[in-house]
Structure formats: structure tokens, C-alpha cells
Amino acid sequence: QKHQRRLFSSDKSDSIIAEITKDGDTVDDVLFDRLCCSEEAVGAAKSRSHQHIIPLSKAVDILNIDTSAQTNINAEDSLSHYIVIRRKGGGSKTHRRLFDKLHLRRPDEGAVCLSGLTNKLQRHSWKLARELQREKGIEKVIECELCRRQDLKYLVVTDDVYLTERLMRSHAVLVLSFLQFSNMF
């Protein structure tokens, strides 16, 4: 084992887990090992037999609050799926501003998760999907993967594109940017 885990607890509060890394280990490696190499994460990755790529228009429909089968506007986590958007091609200079905003600066680097964990996050995700949809020729340079919500075990908030890409391969981790997280509540 590369790092140690210690548990601190008291009668008056919940326990705190401290991750202690060895010299030369990065926090990214510890986080990845903890989240993606756990039994739950490995099980989620095995249960996912293949990628389910959908068109952007279907992603917009899934995220649309008005049609997502919500009976109560205050309902939380109403979606059975979440969408992972990846950049697969070059794109034009007009796409650059949007790709920078979404942390998709280069093809095959990073990912954006669109989810409905809260109504506010679902609305924000829908707005991002609509913004992508308005861009001409965007379908040629991105792909939208539909993933099952029940496979998620962890939530990570980071703007690090390399860590995001690494965590997203496991399909047990939902990664949000700090902008998305600020729009969650």
C-alpha cells in the first residue's frame, strides 16, 4: 500500500479519516486509489458493459426539468442517468470560449459531467447542454455518454482536467467543476 489511512474519532463527533502520503506520492494518486480502486468502484466499472453514446439533443431532453418526470419541483436527484461530455475533435475558434469554460481545451483531455443531483444543478447542466447545442458543428467535436446514476459512489469537485479524465474512466465517480458545484445549491 502506497499510503496510510488513520481514523480519528471521539464520542462527540463523527470520525475523520486522514490520508497520509509517503514522500513522492501525490494527492491525486491517493484520491484515485481510494475512489477508483475500491471494491464498489471496480464493481461499477464491471457492470458497465459498453459506452452508450447519445446525441446532444437527447442529452438536452434528459436534463430538461420540465420533462424529467418530476412531480415535485423540490425533488432532488430525480434523474436515473447522468451525461459525460468529452471533446473528441478539434473544433473551431468560435468553440474555444465555450471549451475553455467547460475545461475541454484539448481533444481527449478532461470531461464534463451533467447531472441532476439537485434541481439547481440539473437546471445548470441543462443550460450548459443548450449552450453547446447552439454552437454550429459541435456534434462533430464532442460526444455525449449516457451513464447510469446507480453506478455512482463518489462526488469529487475539481477543475483539474487530468484528474477529471482519470476519475471519469471508472464510472463510479461524478466529477463537478467548482462552477458546477457553486450552482448545486
Side-chain angles (χ1 to χ4, degrees), residues 5 14-15 17 19 28-88 102-104 108-133 139 142-185:
R5 191 176 203 193
D14 292 334
S15 58
I17 297 172
E19 298 287 351
D28 289 5
D29 290 338
V30 172
L31 185 62
F32 180 79
D33 287 346
R34 180 69 57 219
L35 300 182
C36 296
C37 297
S38 70
E39 290 177 27
E40 295 168 331
V42 170
K46 285 181 181 176
S47 72
R48 189 186 75 105
S49 59
H50 67 284
Q51 284 187 322
H52 187 68
I53 305 299
I54 60 171
L56 182 58
S57 58
K58 184 170 181 181
V60 170
D61 290 343
I62 289 169
L63 292 165
N64 189 346
I65 279 196
D66 298 329
T67 61
S68 65
Q70 287 189 10
T71 55
N72 179 358
I73 195 66
N74 294 319
E76 305 272 324
D77 201 9
S78 63
L79 300 178
S80 61
H81 291 81
Y82 64 100
I83 293 108
V84 177
I85 296 180
R86 290 184 176 87
R87 184 173 174 183
K88 64 179 183 179
L102 298 176
H103 303 287
L104 296 173
D108 303 316
E109 186 179 285
V112 176
C113 297
L114 303 179
S115 168
L117 289 178
T118 65
N119 279 343
K120 195 168 179 189
L121 179 61
Q122 184 174 346
R123 180 158 304 282
H124 182 261
S125 295
W126 176 76
K127 286 178 181 179
L128 287 176
R130 289 282 298 144
E131 193 173 350
L132 278 165
Q133 195 177 38
E139 291 269 357
I142 65 164
E143 69 180 13
C144 302
E145 181 183 359
L146 188 65
C147 302
R148 296 182 323 168
R149 164 63 183 90
Q150 70 187 40
D151 292 339
L152 286 179
K153 303 296 178 202
Y154 305 101
L155 170 68
V156 173
V157 179
T158 184
D159 282 334
D160 184 324
V161 293
Y162 300 112
L163 179 60
T164 299
E165 178 62 33
R166 196 171 168 195
L167 291 171
M168 288 308 305
R169 282 189 227 127
S170 78
H171 288 275
V173 181
L174 179 70
V175 182
L176 299 178
S177 68
F178 284 100
L179 176 64
Q180 288 175 295
F181 185 69
S182 70
N183 281 286
M184 194 167 167
F185 305 104

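What you see below is based on every heavy atom in this structure, not just the backbone, and it leaves out hydrogens, waters and symmetry mates.
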**OP:** Quick one: pull up CG in Asn64 and OG in Ser125 and give me the separation to the nearest 0.5 Å.
**Re:** 12.5 Å

**OP:** Please round to the nearest 0.5 Å and tell me the distance separating atom CG of Leu63 and atom CG of Leu79.
**Re:** 6.5 Å

Which residues pass the side-chain contact (heavy atoms from CB on, under 4.5 Å) test with [X], sequence neighbours left out?
X      : result
Ser57  : Pro55, Gln133
Lys88  : Glu143
His81  : Leu146, Arg148
Thr164 : Ala111, Thr158, Met168, Val175

Original post:
Hey, does Tyr162 have a side-chain heavy atom less than 4.5 Å from the side chain of Arg166?
Top reply: no

Subject >> Residue pair Leu117 / Arg149, side-chain heavy-atom distance below 4.5 Å >> reply: yes

Subject >> Residues in salt bridge (charged side-chain N to carboxylate O under 4.0 Å, His left out) contact with Glu131, at least two apart in sequence or another chain >> reply: Arg97, Lys101

**OP:** Determine yes or no for a side-chain-to-main-chain donor-acceptor pair under 3.5 angstrom, with Gln180 supplying the side chain and Cys113 the backbone.
**Re:** yes

**OP:** Examine distances only and state if a side-chain atom of Lys120 and a backbone atom of Phe185 form a donor-acceptor pair shorter than 3.5 Å.
**Re:** yes

Subject >> Residues that Asp108 engages under side-chain hydrogen bond (donor to acceptor under 3.5 Å, both in side chains), provided they are two or more places apart >> reply: none

